[in-house]
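Both backbone and side-chain heavy atoms feed into the values below; hydrogens, waters and symmetry mates do not.
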Amino acid sequence: MRQMIICNGCGKEINTEVQDFLNVQKEWGYFSRKDLEMHEFCLCEECYDRILSELKIPAAIIEKTEVL
């Protein structure tokens, strides 16, 4: 089934049959300024790569090998 997701970064449609994307869901806790808010957004791979390149401390990237 074809599902279209919209990237919150650039507004581009993401065809989930042929493209992967990042989905983030965060429920903020009591000690934040967003007390008990739930935030959710999606990013296409290009927007994810752009954000990753702007991080001061690089994200840990672990390559997995396929296990059969």
Side-chain angles (χ1 to χ4, degrees):
M1 179 179 185
R2 183 177 176 186
Q3 182 182 9
M4 296 300 282
I5 302 290
I6 303 296
C7 174
N8 288 87
C10 65
K12 178 177 78 174
E13 289 186 349
I14 302 167
N15 181 344
T16 60
E17 287 184 350
V18 295
Q19 294 174 290
D20 206 354
F21 63 96
L22 173 71
N23 179 262
V24 176
Q25 294 179 331
K26 170 63 177 163
E27 184 174 340
W28 293 94
Y30 291 115
F31 301 107
S32 75
R33 291 175 291 155
K34 298 166 190 67
D35 188 10
L36 297 179
E37 289 181 1
M38 175 70 88
H39 291 204
E40 181 176 12
F41 63 91
C42 294
L43 293 175
C44 67
E45 190 170 0
E46 291 81 16
C47 287
Y48 173 78
D49 290 342
R50 179 180 46 78
I51 289 171
L52 218 61
S53 72
E54 296 172 359
L55 296 177
K56 300 291 184 208
I57 299 171
I61 299 175
I62 301 164
E63 290 192 35
K64 294 176 65 173
T65 57
E66 191 173 338
V67 178
L68 298 176

Supply the atom-to-atom distance [X] [atom1] to [Y] [atom2], rounded to the nearest 0.5 angstrom.
X	Y	atom1	atom2	value
Asp49	Leu43	CG	CG	10.5 Å
Cys7	Leu22	SG	CG	9.5 Å
Met4	Ile6	CE	CD1	6.5 Å
Phe41	Ile5	CZ	CD1	14.0 Å
Thr16	Asn23	OG1	CG	12.0 Å

- Item | Side-chain donor or acceptor of Asn8 paired with backbone N/O of Cys42 under 3.5 Å | yes
- How far apart are the closest heavy atoms of Glu13 and Gln19, and which atoms are they?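 Closest approach of Glu13 to Gln19, heavy atoms only: O-OE1, 4.1 Å.
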- Measure across Ile14 and Phe21 and return the closest heavy-atom pair with its distance rounded to 0.1 Å. CD1-CB, 3.8 Å
- Query: Taking NZ, NE, NH1 and NH2 as the nitrogens, is one of them in Glu46 or Lys12 under 4.0 Å from a carboxylate oxygen of the other?
  - Reply: yes
- Hydrophobic cluster identity match, Phe31 and Trp28, side-chain contacts under 4.5 Å: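 Unlinked, Phe31 and Trp28 end up in two clusters.
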- Message: I'd like to know if Val24 and Leu36 are part of one continuous hydrophobic network [Ile/Leu/Val/Met/Phe/Trp/Tyr, side-chain heavy atoms within less than 4.5 Å].
- Response: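 Different clusters: Leu36 never reaches Val24 through Ile, Leu, Val, Met, Phe, Trp or Tyr contacts under 4.5 Å.
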- Message: His39 vs Lys34, test: side chain to side chain contact (heavy atoms under 4.5 Å, CB included). Steps then yes/no.
- Response: CA-CA 9 Å; His39 291 204; Lys34 298 166 190 67; 3.6 Å; yes
- Message: Can you confirm whether more than 12 heavy atoms, excluding those of Glu45, are under 6.0 Å from its CD atom?
- Response: no
